[in-house]
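Accompanying notes for the structure given below.
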Amino acid sequence: MPDLPQDRTYWNTTAAAPEFPQLSGEIDVDIAVIGGGIVGITTARLLKDRGLTTAVVEARKVGRQVTGKSTAKMTSQHSIIYQTLEQKFGEARAKLYAEAQETGIRKIRSLAAEHGIACDIESKPAYLYTLDENYVGQIEKEAEVARRLGLPACLTREIGLPFQVHAALRFDDQAQFHPTKYVVGLAATIPGGGCHVFEHSRVVDWEPTRVATDHGTIRARHVVMATHLPLGQVGGYYAQAYPYAEPVIAARIVQPLAGMYINAEQPSHSIRTHARAKGDVYAIVAGTGFKPGHTDEERQYFADIESWLADNFDTGPVEYRWVNEDYTAMDGAPFIGWSSSGTDGYLVGTGFNAWGISNGTVAAMILADLAAGKENRWLDLFDATRVKPIAGGAEFVKENVHVASHLVTGYLSRKPKSFAELAPGEAAILKINGEHVAAFKDERGQVHAVSAVCSHMGCIVGWNEADRTWDCPCHGSRFELNGEVIHGPATKPLGTHITG
Ligand code: FES
């Protein structure tokens, strides 16, 4: 087996990786949880707090897939969202979103404090600013709506960044933290008393009361799918939420920043800092979203954030580059709850629109309530069975047209015709004997080749240069160079291709 690329995310390389066992044999618990990110681990912890037994099955390592790739802002300030939610869902439901996010932030703080999890929580204000006077009106409107919904929002032009802004919205009492340390630390509190966390346990078969891996089975009253997007075709969410990727970089910065920041306009620049050790502070910067697997756009937006960071801040060279990925639900609100009407489906949470730390914790709180047979009033907004495009339809249709084109053509940024034409370090989709082949030639000249046809629904995958993975533009599945699934909705690896 050729060497696989090392994990390139800042968070994962700066957190311990305790081992959890692999599932083997048959066990019975109250609730089974698929997925060991912030949603699955928090849900399991909250279920244990309610006296229920639970088992988490993570296909790879806890906390290191989607959660470990985020920017990890603990904030209810989600760019321009409250005026949009109010317009689409009305004031009462927009207020539910605001209340849920603020409660989610407090829940992270309280769980970390209760269990003594050292996850570098730092209180900071969150700023949304603009350098474009055309956005001033939207920021002023967002401030007015946010205040009315009860959020700690105010307008300012003093934000502590080394450039003048036309307007900014500040949310107080927000925070930033280390996501991998938090999730791994929380996971360590779960085993015992009939509760379990399993790693390297990929689910290969599932029913609403049973999950199976290659080596074991869990029977439960209910199954929580905390897998970024529900597996396979559960709930049809692959057709109701579209994936996008964001470039993220980390570099040493001379001074910590006074807050967490994101601008309103494009290209997008999100920045926060993390004190790795005394006097050793890193800036974490995320950029403009693009369709997963679109290598040219990925390069463009990495170059943009690297030059933006260098032009505006006193930093060292970029040491980490990775691609974050999330889903946007068709109407802008996450899907959380039962996947079908009644309580005989799956419990799901997806479509966090890149704000997965607070939304993920909100999802866990709702899912734990539902799994325990309790009601949760936030469901009035997040209900995962709302299936019709209530609003935001035009954008969603555009995305789906884009998706449909990939069912046929895939995405080719360069056109080498054979393995021999690949340069060391280069990847491409090749057409060999009528088959699409995803091929990467490593620095030693070894070719890693698998089928380019996504095992979910047959789109052609594209190259993620930063992480050296194959990412599907249609519904966001990600695969290792050897075709192994990193995360779904696909559950089967890419097909094999014999190099020649
Ligand atoms: Fe659905 Fe690839 S993730 S076709």
Side-chain angles (χ1 to χ4, degrees), residues 34-35 37 59-60 65-66 69 202-206 225-246 289-295 297-298 323-330 335 339 346 348-354 356 387 396-413 427-430 435-440 449-465 467-497:
I34 309 174
R60 293 160 67 92
Q65 277 58 255
V66 181
K69 291 184 162 63
R202 182 172 299 285
V203 168
V204 295
D205 192 23
W206 55 88
M225 279 204 178
T227 50
H228 206 201
L229 197 70
L231 297 179
Q233 300 187 14
V234 166
Y237 296 104
Y238 64 88
Q240 300 177 57
Y242 57 86
Y244 63 96
E246 289 174 341
F290 58 92
K291 187 61 73 178
H294 279 210
T295 320
E297 288 186 24
E298 179 189 332
V323 171
N324 180 27
E325 191 185 287
D326 203 4
Y327 296 86
T328 294
M330 59 188 181
F335 292 107
S339 64
Y346 298 90
V348 301
T350 192
F352 300 152
N353 197 22
V387 292
F396 196 67
V397 167
K398 191 178 82 185
E399 285 296 330
N400 268 342
V401 167
H402 194 86
V403 165
S405 70
H406 283 274
L407 291 166
V408 182
T409 63
Y411 178 79
L412 306 171
S413 61
I429 304 296
L430 306 176
E435 291 180 19
H436 288 99
V437 176
F440 170 70
V450 288
S451 168
V453 180
C454 179
S455 62
H456 180 229
M457 293 177 71
C459 290
I460 302 299
V461 298
W463 180 236
N464 172 339
E465 191 166 62
D467 295 308
R468 294 194 168 182
T469 60
W470 295 106
D471 296 356
C472 183
C474 288
H475 315 117
S477 293
R478 293 181 76 166
F479 303 88
E480 293 281 15
L481 288 179
N482 62 3
E484 179 188 325
V485 178
I486 296 172
H487 69 69
T491 57
K492 295 192 171 71
L494 296 174
T496 54
H497 178 84

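What you see is a predicted model; the values in this text were computed from it and never measured. In each ligand, atom 1 is the first atom listed, and ligand 1 is the first ligand listed.
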2.8 Å cut-off met by an N, O or S atom of C459 to atom 1 (Fe) of ligand 1: no

Taking only heavy atoms of H456, which atoms of ligand 1 are found under 4.0 Å from at least one of them? 1 (Fe), 2 (Fe), 3 (S), 4 (S)

Looking at S477, which atoms of ligand 1 are within less than 4.0 Å of one of its heavy atoms? 3 (S)

Salt-bridge criterion met for D467 and R478 (N-O under 4.0 Å): yes

Going by an N to O cut-off under 4.0 Å, is there a salt bridge joining E480 and R468? no

Need the ligand 1 atom indices (1-based, order shown) with element for anything under 4.0 Å from a heavy-atom of C454. 2 (Fe), 3 (S), 4 (S)

Tightest non-hydrogen contact, residues Y244 and P292, listed as CA-CD, 3.8 Å

Quick look: C472 vs ligand 1, heavy-atom contacts under 4.0 Å, and the answer is side chain

Atom 1 (Fe) of ligand 1 to C474: any N/O/S contact under 2.8 Å? no

Roughly how far, to the nearest 0.5 Å, is the SG atom of C472 from the NE2 atom of H456? 8.5 Å

Nearest-0.5 Å distance, OG1 of residue T469 to CD1 of residue I486: 5.0 Å

Taking the ring centre of each residue, are Y237 and F335 less than 6.0 Å apart? yes

Atom 1 (Fe) of ligand 1 has as its nearest N, O or S atom from H475 the atom ND1

